[in-house]
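These notes are about the structure you will find just below.
Each chain gets a letter, A, B and so on, in the order the sequences are listed, and its residues count up from 1.
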There are 2 protein chains.
Amino acid sequence: MYGVNRAIQSIRIPQIVEAAVEIIAERGIKDTTLDLVAKKAGLSKGGLIHYFPTKKSLIETVVKEFFSRIFQRGKELRDSFEDPYEQLISFLWLYNRNDPDYFTGYRMFFEIMTIASMDREYREVFHQWVNSWVELLEASIKKGVEKGDFEVEDSKEAAKTISAIYQGVASRWFLDPENHSDEWAKSTVRSLIKFVVSRK
Amino acid sequence: MYGVNRAIQSIRIPQIVEAAVEIIAERGIKDTTLDLVAKKAGLSKGGLIHYFPTKKSLIETVVKEFFSRIFQRGKELRDSFEDPYEQLISFLWLYNRNDPDYFTGYRMFFEIMTIASMDREYREVFHQWVNSWVELLEASIKKGVEKGDFEVEDSKEAAKTISAIYQGVASRWFLDPENHSDEWAKSTVRSLIKFVVSRK
DNA sequence: TAAAAAACCGACCAATTAGTCTTTAAACCG
DNA sequence: CGGTTTAAAGACTAATTGGTCGGTTTTTTA
């Protein structure tokens, strides 16, 4: 049963992207085949190619989609807090092994870092992503400084530091869970953040 | 000109591993072909297969070799310092874009993290690697505590934290150099380490 | 309602590549 | 020196897979 309606693109593309994310998380980008993605998305390779003429174009879309989805989640949760410090630690939801995005999200993240480490184009995407997180953190820091809660010389620097801390802890927490519990991740990040925003 | 001498294995295997590391760093594990590695190592695919019957066996050896080489470097440099704090920051050599191992080392690291995120076996290798770094750091911390330089509740926890910090900063420094200078990396790590070993 | 366009299928092609196998040459050993 | 073992080459095989293409069905449009 083909083209049920003309707005089919707005259905198919998310379907395909979602399928691709899952396959990539499971097998990695290199072992993700168009056939598999197509099947998972409920169509044939020919159908898939109709929307994404090349594998590269599919991956690009998936990567951008993934980043923006995670970013959106983070931003929304942060915005639900008023207090600047609460905002800064609102990203601790990243350390939740029961989150539906847990496995998929981390696997995607490692895949993307690895292609970024090889490819300028993706490094640029990564750069923008980091930037957007840093800006988010920076805004909270500035708010805290204005409010008198924080003492920070350079809020951008502080934001970069906090962002890097989140990531370093995340890598350990995901890749070596045996030694890095949820509690470890959370308390470590909390304490480092406190230090970063209240020095000098 | 074949088998020049019987101790050839001890020459060929490092040659092959070295070639593989370079190819992997350049193209990633998935795009590393036996032919390319063989050629780079100065022999044919048949010759390569003689030493490593499968690609998997080659990769395993390469990963272990890589880890132990970098670890060795770190350990030796650390051991050249007496002062515990100097020892803790001795790993700042990791943030040197002119280091001969710079590109290769970081690329390998991302490749390995990514396979570790997919594969239990490699996660175990990663786990052991992290452990060995943590132990190295822990020893320095304990020394500093005994000496009275540091104030630390749980030296293992502190070591894990410092290790994660090194890694988080490293990821940013490598993947987004535009925004993360050598100086940023070094001063960030220095200041966070100081905090970690002297709190409470 | 007919023709044009869009959605979709799946057979096929061409390239890539891990691993096999046969052969050759050198090294070692008695 | 002759036989055995090891090192190495490289042609070949079989599987995989990205992308092409011709055709079919549905939807849109005029």
Tell me, with the steps shown, if A/Arg69 and A/Asp101 meet salt bridge (Lys or Arg N to Asp or Glu O under 4.0 Å). CA-CA 10 Å; A/Arg69 210 176 67 199; A/Asp101 282 338; 3.5 Å; yes
Check every atom of C/dA6, D/dT20, D/dA7 against the side chain of A/Ile49 and return the nucleotide holding the closest atom. D/dT20
Return the nearest nucleotide to the side chain of B/Tyr51; candidates are D/dA7, D/dT20, C/dC9. D/dA7
Nearest whole Å is fine: how far is D/dG18 C1' from A/Ile59 CD1? 12 Å
Whole angstrom is fine here: how far is it from CD1 in A/Ile13 over to P in C/dA6? 14 Å
When B/Trp129 is tested against each of B/Phe66, B/Phe109, B/Tyr122 for ring-ring contact (aromatic ring centres under 6.0 Å, His included), which residue passes? B/Phe109
How many whole angstroms separate atom CG of B/Leu48 from atom C1' of C/dT17? 13 Å
Indicate, yes or no, whether a donor-acceptor pair under 3.5 Å links the base of C/dA18 to the side chain of B/Lys45. yes
If you check the B/Lys55 side chain, which of D/dA8, C/dG19, D/dT20 turns out closest? C/dG19
Which is true for B/Thr32 with a 4.0 Å heavy-atom rule: it touches a base, it touches only sugar-phosphate, or it touches nothing? sugar-phosphate
Return yes if a side-chain donor-acceptor contact under 3.5 Å exists between B/Ser117 and A/Arg107, otherwise no. yes
Hey, would you say the B/Phe110 and B/Phe174 ring centroids sit under 6.0 Å apart? yes
In whole angstrom, give the distance that lies between atom CZ of B/Phe52 and atom C1' of D/dA8. 15 Å
Between A/Lys143 and A/Glu82, does at least one N-O distance fall below 4.0 Å, as a salt bridge requires? yes
Before we go on, tell me: are the rings of B/Tyr85 and B/Phe150 under 6.0 Å apart, centre to centre? no
All stems that DNA chain D takes part in, i.e. 3 or more consecutive Watson-Crick or G-U pairs with distances under 3.5 Å, are C:1-30 with D:1-30
Which is it for B/Asp83 and B/Lys147 under the salt bridge (Lys or Arg N to Asp or Glu O under 4.0 Å) test, yes or no, and what are the steps along the way? CA-CA 10 Å; B/Asp83 181 65; B/Lys147 225 184 127 197; 3.3 Å; yes
OP1 or OP2 of C/dA7 sitting under 4.0 Å from any side-chain N/O of A/His50? yes
Please say whether more than 12 non-hydrogen atoms of neighbouring residues, nucleotides or ligands are located less than 6.0 Å from NZ in B/Lys186. yes
Could you check, using the six-membered ring where one of them is a Trp, whether B/Trp173 and B/Tyr106 have ring centers closer than 6.0 angstrom? yes
With 3.5 Å as the limit, what N/O pairs link the protein to nucleotides 13-16 of chain D?
none

Rounded off to whole Å, could you give me the CG-to-P distance for the B/Asp31 and C/dT17 pair? 7 Å
To the nearest angstrom, the NZ-C1' distance between A/Lys30 and C/dA18 comes to 16 Å
Roughly how many Å is it from CD1 in B/Ile11 to P in D/dT6, rounded to a whole number? 18 Å
Does the separation of the ring centres of A/Tyr166 and A/Trp133 fall below 6.0 angstrom? no
Assign each of A/Gly46 and A/Asp35 the nucleotide of DNA chain D bearing its closest heavy atom; nearer the 5' end lies the nucleotide of A/Asp35
To the nearest angstrom, the CG-P distance between A/Leu34 and C/dC9 comes to 14 Å
